[in-house]
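A short write-up of the structure that comes next.
Proteins come first, then strands; the chains are lettered A, B, ... in the order of their sequence lines, and each starts at number 1.
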Amino acid sequence: MSVEYEAVIGLETHIQLNTTTKIFCSCKADSWDDAPNSNICPVCTGLPGVLPVLNRKVVEKAVLLAAAMHAEIQVLSFFDRKNYFYPDLPKGYQISQYDHSLARRGYLELPIPASADPNGKGYVRAVHIHKLHIEEDAGKTKKERNRRYVDFNRCGVPLVEMVTEPDLRTAEEAGQYLIRLRQLLRWLGISEGDMEKGNLRCDANVSIREKGSSVLNTKTEIKNVNSIDAVKDAIQKEIERQIREVEKGHAIKPWTLDWDDNAGVLRMMRSKETEADYRYFHEPDLLPLEISAEWQADILEGLPELPLERRARFMRDLQIPEYDADILTADHDLADYFERTIGLYKGDVKKISNWLMNDVLRMRNEWGMSMSEMKLTPAYLAELVQLVDEGKINITTAKNLLPKIQESGKNPRTLVEELGLAVVSDDAAIRAICAKVVAQNPVEVKSYREGKETLIGWFVGQVMRELRGKADPKLTQQILKELLK
Amino acid sequence: MKNTENSIPRDVFDHLVDLAAFALGEDEKNYLHDQMNHQLNAIQELEAIPLPDDLPTTTHGVEYGDDGKPALRNDEWVACTNTQEILTQAPELQDGYIVVPDIPTKELE
Amino acid sequence: MTNLVNCSALELAEMVRARQISAEEILDETLTRIVEVDGRPGALDTAPAVDDEKKVHAFITHTEELARSQAQEVDAKIAKGEDAGLLAGVPFTVKDIFCVRGTPSTAASRILANFTAPYTATPVERLIAAGGVMLGKVNLDEFTYGSSSESSAFQPSPRNPWDLSKVPGGSSGGSAAAVAAGEGALSLGTDTAGSIRQPAAFCGVVGMKPTYGRVSRYGLIAFGSSLDCPGPIARNVRDAALMLQVIAGADRADATAATQAVPDYLREIERGVKGMRIGLSPDYFRITFPDPQSGEYVEQALPAHMQEAVWKAAELYRSMGAEIIENVPMPNTRFGIPVYFVISRVEAASNLHRFDGVKYGYRTKQAVADLNEMYRRSRGEGFGPQPKLRILMGMYVSAAQYSEQYYQRALKVRTLIRHDFENAFDPQGPYRLDALLTPTTPTTAFGMADVYGDSVMMQYADQLTVPANHAGVPGISIPAGFSSDGLPIGIQLLGPDFSEAQLLRVARAYEMATEKEEWREKKPSLLEGK
Ligand SMILES: [Zn+2]
C-alpha cells in the first residue's frame, strides 16, 4: 500500500528596500562596491549613546508592498528589540517589529503556469501572507584562518520581512511565488529583488503530510539559499528526504538546514529544540509608528495597477494570449510601452505584441537598456507598423529600420524618405519601367501571350530589380497584366 | 512575604548568566543570585495590584501630541566623515575589517 | 575682586560679555579651585589612600586643554565684538555618561575605560556652542546604576562636600558634588529614577529633571531609555533655567526629542506664585519598602525634619498668594520602585548588550577558544556587580515565560502612576495643580558604604523621585535648609508635561522668599574661608 504525500511549504522572505539611505541613519543603503567598514557612522555601528531615527521612505515603500499584497496596513505599529549576540549585530539587538507589525494578513493569487503543473493545465494557488514588517539588516562576517572578519557596511539597510502561511504545495510553486514577488518588487520600484545580490532572501519551512490531511507536521527550515533555482532544488530535495525518512519510520526533527549551492546538498546546522529567547520588547528609542489615513492615501497614490491585474486585463480586454500577456507584463516599463503603442496604433493589437516580443525585446536586450530609455518610442513603433500596414514599406524593410530608428532617434517616416526606402506606388514611374521590361524581353512576352501566364511573376521580379525592391507589387502586377494583354 | 517564598532556581539563574554572556566566579554568582532574589521580592508586589483588563501599557510617560512629535527622517545621504575614528576603537582591526575569534560551529554533519 | 568660583553662571556670562573678566580668568580660578578641593581623579584599580577622605573626587577626566581652547575662543569672539553665547565663559562639567568627541567616555565602567568617543552628545554640543567651557567628565555610579556614586569602577568615588564622610548621592554624584564645591557653575547630569534630583538634594544644589524628550538623549550612554532625561545641576534656580534654555529642544538625532517650542525660561521666572495651586500629597510623606530581615512590607513616615522642610515651604507659598491643596492622592507612588525594578532592568539589559568586546571598549586579555568565550570573559571582567545584576534581572523579567507576569504588568502599572499625575494636574479635574510639592528624598545624605551593596535598599532612596520618570513629567529639587547634623535637605516640585517654565518660577519664588535666611549663608565645610 503506497501513501501519497504532499508538501506544506511556507516562505519567509527578506527584501532589501532600494532607499537612498539606511533605515535609522543617513549612511547610504547600498555599499555593493565599497571597501569594508567605509559606509558606516556612529549610529549603524551601535556606538554607546546613539539613537535610531526612522527613514520615512522605508515606511512608504513598505506600505506600497503591503498594499500590493492586499495586506491590512496598521494605523499604529511598534518597533521592538530582538536581543541576541552576534558580531555582525553591533547593538546586540536588531530593531524589528514583533507583535504589532506594519501590516497583517494579505494574499497573492499566484498563477501556476501549465509548465509547472504536473497535470499540464495550469492553476491558481492562493498564498496568504501572515505578516509584513520592517527591520534593519545586520552586517556581514567572513571566516578566514579561524578568525571572523566583520564588515558593518550592511548594518541598517532597510528590510521588509514578509512571511507566508504554509500555503505552498510544491517546489515549483515556491519558485513561482519568488518569481512573482521579484516581478512585483521591481514593478513597484521598491527593491532590486535580486537573490544573487542578496537583496531578496528566502528561508523555506518544509513539512510533508498525507495528501488530503490537514495536519501540520514537524517542519524543517532551509536557510542560505540564494537563487530561485536553488530554492526549488533545495525544497525538492528536502521533500524527498522527508518522504524517505517517514517511509523508514523515522520522525522528522525540527532542524535548520543549510543549503550548499556548490554541492547541491542540504546540511544540518543545529537542532532547534526551543525557540531562542530574544526577549522582545518595544524599542523605547522610537515612538510608535503612526500611519495616518492621509499619509496612507498619499503613499497609495503612487500604487500602480499590479502586474497580475494588468496581465489579466490584457488577456480579458485585449484578447491577448496568456503567453503574450505574461511577457508583456514582465516589467512595468514594458507593459506601459505596449499600452502606449497600441493607443497610437490603428490595427490589431496582437501585431504590436508580436513586434514587441519578436523584435523590440531582442533589440532592447542587445542594447542593454530599459524600455523607457529606448529612442524607438511607442509612437515610432506604432508608426512603423502602420507604414507596413499601409503598404508604404514592406516588412523586411521595416525590420531593418528598427536599429536605424534606435540609432538615429528619427521617426520612421523621415527615415523612409531620407533613405529612399518607400515603396514606389507612382503609376507613371512603375508604368515606364514595366514598358521598358516588356520592350526588352520579346521572347517572354510571346510565351506569356501564348498562355504561359505564370511568367507574370518573372516580369514582376524584373521590375522589382530595376526599382531595387521598392515597387508596390500589386500595382506592378496590375500594370504588367495590362501591357501584356 | 518571606524572602524564601520567591527565589530564582539555580538552573534558571545559570541559564540567565549564560544568556547574558558572563564568565563569573562562584562568589560573584552567589552574590548576584542572592541580590536577584531580593529584587524579585520587591517586584512581587506588582502581582497583587488589581489591574483593569483594558488598562493600556505605557511605553513613554509623556504625551507628545501632534505638535511635539518629531518628524521622520528624509531619505537624504549624509556621509560620515570620521569612520576611521570609529574603527580605531576596535580592539583588533585588519584590512578595514574588525576581527574577532571564530564563531563556534554546531554543524553536526 | 569677586571670588569667581562662587559666582553664578548668569553673573559670569554677563561679566564676560561686558568684558569685565575673560573666560580664561574664570577658567584659571576654577582650575585652582579644582586643584584645592578635588584630589586625585577616579581611576581603575586604585588602592584607597588616607588622603582620599579629605577631597571631593568629582572627576574622572580633566579636559584642561579642551577647556583652554574653548575659553580662548570665547575671549576671541568677545574681542571681535561677536555674540559669545548665553553661557559665555561659564565653566561646566559633564557626567561621564555622555560621549564627547576625543575624550574618554567611560560610563564609570571598566568596559568603557579605554573608549574615546568619536562624536559629541547633543546637549554637550549645545553647551559648548553657547560659550560654555568644559572642565572635564565627572564621576557617577557605574552606568548610572546606583544612588551613591560608590559603584563607579573609577575610585575613589565622589564625596559630599558638606560632609566628606557622606555620599554625594547618585548617580550624578560627581556632578552635584562638583557644583556644590565650586568646581564649575553648572553640570550636565542625567535622571532615570532621581539621579539628578537626589544628588542635588544631598549636595544642597538645584537639579532639574526636564520632561522626557525635552532634552535630547543623543550621546547619552543609555540606561533606561524610556526614563532617561539629561538635565541641569546648578547652584541656583536661575542658573538651572539658563542651562536648560541652552540644552532643551528638538534634535534630528533623537526621535523621542519633543519638538514643542522652547519658551524663555528666565523671562517670567520671578513673577511669583500668586494664584497658583500647589499640592501636597500624603503619599509623598512616607515610603514603603520590604524589611531587609523579614521581607514584609513596612510603611514608614519620613523623618520629621524632612517633612517640616516641605510644610515650611508650603507655608511660604501660601504667604505669597498660592493656594495650597492638601491631601492630593497619589496612591500609586509606592509602586514606583517595583515598576522601576522591572522596566529599567529590561531596558538596561538590552542597552548593555552592545558591550561585547567586538568593536570598542574592553576585550579580555586572556586567550580564548572562540567568540563565545571572548564575550563571556570580556563582559565578566568588564562589568562591575551593578551592571551585571541589572542585566541578569532584566533578562529574567523579560524572558518569554515571565514577560507577561512582570514586564507587561509593570508597563500597565506605569500607566496607573501616570494617571496619578494626570489626575492631579488636570485643569478640569478636582485638584487642578500647577505643581506638586514633596520632599526630594526620604533622608539626607547617608554615610559612605552605609547602604552600598544592598541593591534593594539603595533603590528605595529613589521612591519619591522615580514616579516622575515613569510619568515623564518634569521635576526640580531645590535646597531647603539643613538637618540638625548639618546636611542639606532638598524639596521637590513636580509639574505637568512641559511645565518647566512654571516649575522654575515656583522654585525661584521659594529661593527669593528664603534669600535672607541664615542657612543660605552656610558653605560646605570644605570651602570655609574660600
Ligand atoms: Zn550609519
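In plain terms, the two heavy atoms of B/Pro101 and C/Arg363 that are nearest each other are CD-NH1, 4.4 Å. Of all heavy-atom pairs spanning B/Pro70 and C/Ala255, the tightest one is CG-O, 3.3 Å. The shortest heavy-atom contact between C/Gly361 and B/Pro91 is O-CG, 4.0 Å. Here the closest heavy-atom approach between residue B/Leu19 and residue C/Met395 is recorded as O-CE, 3.8 Å.
If you measure heavy-atom distances from C/Thr116 to chain B, the contacts under 4.5 Å come from both the backbone and the side chain. Neither the backbone nor the side chain of C/Val473 comes within contact range of chain B; no heavy atoms are under 4.5 Å apart. With a 4.5 Å cut-off on non-hydrogen atoms, C/Asn469 does not touch chain B at all. For chain B, the nearby parts of C/Arg409 are the backbone and the side chain; heavy atoms of each come within less than 4.5 Å. Contact of C/Gln408 with chain B is made through backbone and side chain together, with heavy-atom distances under 4.5 Å. Contacts of C/Val339 with chain B are made by both backbone and side-chain atoms, with heavy-atom separations under 4.5 Å. Only the side chain of C/Glu422 comes within contact range of chain B, with heavy atoms under 4.5 Å apart. For C/Tyr407, no part lies near chain B; criterion is any non-hydrogen pair under 4.5 Å. For C/Ala117, the part sitting under 4.5 Å from any heavy atom of chain B is the backbone (N, CA, C, O) and nothing else. Looking at B/Asp18, only its side chain comes within 4.5 Å of chain C, counting heavy atoms on both sides. Looking at C/Ala250, there are no atoms closer than 4.5 Å to chain B (heavy atoms on both sides), in backbone or side chain.
Qualifying salt bridge (Lys or Arg N to Asp or Glu O under 4.0 Å) partners for C/Glu381, counting only residues two or more places apart in sequence or in other chains: none.
The closest side-chain heavy-atom distance from C/Val342 to B/Leu46 is below 4.5 Å. Residues C/Thr259 and B/Lys69 are not in side-chain contact: their nearest non-hydrogen atoms beyond the backbone lie 4.5 Å or more apart. Side-chain contact between B/Gln89 and C/Lys359 is absent, with no heavy atoms from C-beta onward closer than 4.5 Å. A 4.5 Å side-chain heavy-atom check between B/Asp102 and C/Asp370 finds every atom pair outside the cut-off. Counting heavy atoms from C-beta outward, C/Met393 and B/Gln35 have side chains that stay 4.5 Å or more apart. At a threshold of 4.5 Å between non-hydrogen side-chain atoms, the residues B/Phe22 and C/Arg376 do not count as touching. Between B/Glu45 and C/Ile337 there is no side-chain heavy-atom pair separated by less than 4.5 Å. With contacts defined as side-chain heavy-atom distances shorter than 4.5 Å, the pair C/Leu392/B/Val17 qualifies.
For the pair C/Tyr406 (side chain) and B/Ile43 (backbone), a donor-acceptor distance under 3.5 Å is absent. C/Arg252 places a side-chain N or O within 3.5 Å of a backbone atom of B/Ala71 that can act as its donor or acceptor partner. In this structure, C/Arg379 contributes its side chain and B/Ala20 its backbone to a donor-acceptor pair below 3.5 Å.
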Taking only distance into account, with no hydrogens and no angle test, what donor-acceptor pairs under 3.5 Å do side-chain atoms of residues 50-61 of chain B form with protein atoms, sequence neighbours excluded?
| from | atom 1 | to | atom 2 | distance (Å) |
| --- | --- | --- | --- | --- |
| B/Thr58 | OG1 | C/Thr415 | OG1 | 2.7 |
| B/His60 | NE2 | A/Pro284 | O | 2.5 |

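Per-residue heavy-atom pair counts under 4.5 Å with chain B were compared for C/Asn332, C/Leu371, C/Asn372, and the maximum is reached by C/Leu371. If you tally non-hydrogen atom pairs under 4.5 Å between each of B/Val99, B/Leu93, B/Asp67 and chain C, the highest count goes to B/Asp67. With chain B as partner, the option from C/Gly380, C/Ala471, C/Pro338, C/Ala349 having the largest number of non-hydrogen pairs under 4.5 angstrom is C/Pro338. Counting heavy-atom pairs closer than 4.5 Å to chain C, the top residue among B/Val100, B/Ile98, B/Thr88 is B/Val100. The candidate with the highest count of non-hydrogen atom pairs below 4.5 Å against chain B, out of C/Phe335, C/Tyr375, C/Tyr362, is C/Phe335. Per-residue counts of heavy-atom pairs under 4.5 Å with chain B were compared for C/Leu227, C/Asp254, C/Thr256; the largest is that of C/Thr256. Note: C/Arg334 leads C/His419, C/Glu373, C/Arg334 in heavy-atom pairs under 4.5 Å with chain B.
Between the CG atom in C/Leu389 and the CD atom in B/Glu28 there is a gap of 10.5 Å [rounded to 0.5 Å]. The OH atom of C/Tyr297 lies 8.5 Å from the CD atom of B/Gln44; values are rounded to the nearest 0.5 Å. Within the model, atoms CZ of C/Arg377 and CG of B/Leu24 stand 11.0 Å from one another, a figure rounded to the nearest 0.5 Å.
Among residues 9-16 of chain B, the residues having any heavy atom closer than 4.5 Å to a heavy atom of chain C are, in sequence order, B/Val12, B/Phe13, B/Leu16. When the heavy atoms of residues 76-87 of chain B are compared with those of chain C, the residues falling under 4.5 Å are B/Asn82, B/Glu85, B/Ile86, listed by number.
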Practice prompt. Go through C/Leu416 and B/Ile49 one step at a time and tell me if the side-chain contact (heavy atoms from CB on, under 4.5 Å) criterion holds.
Written response: CA-CA 10 Å; C/Leu416 295 180; B/Ile49 307 170; 4.0 Å; yes

Item to complete: Output, in order, the C-alpha distance, side-chain angles, deciding distance and verdict of side-chain contact (heavy atoms from CB on, under 4.5 Å) for B/Val62 and C/Phe498.
Response: CA-CA 9 Å; B/Val62 63; C/Phe498 302 105; 3.7 Å; yes

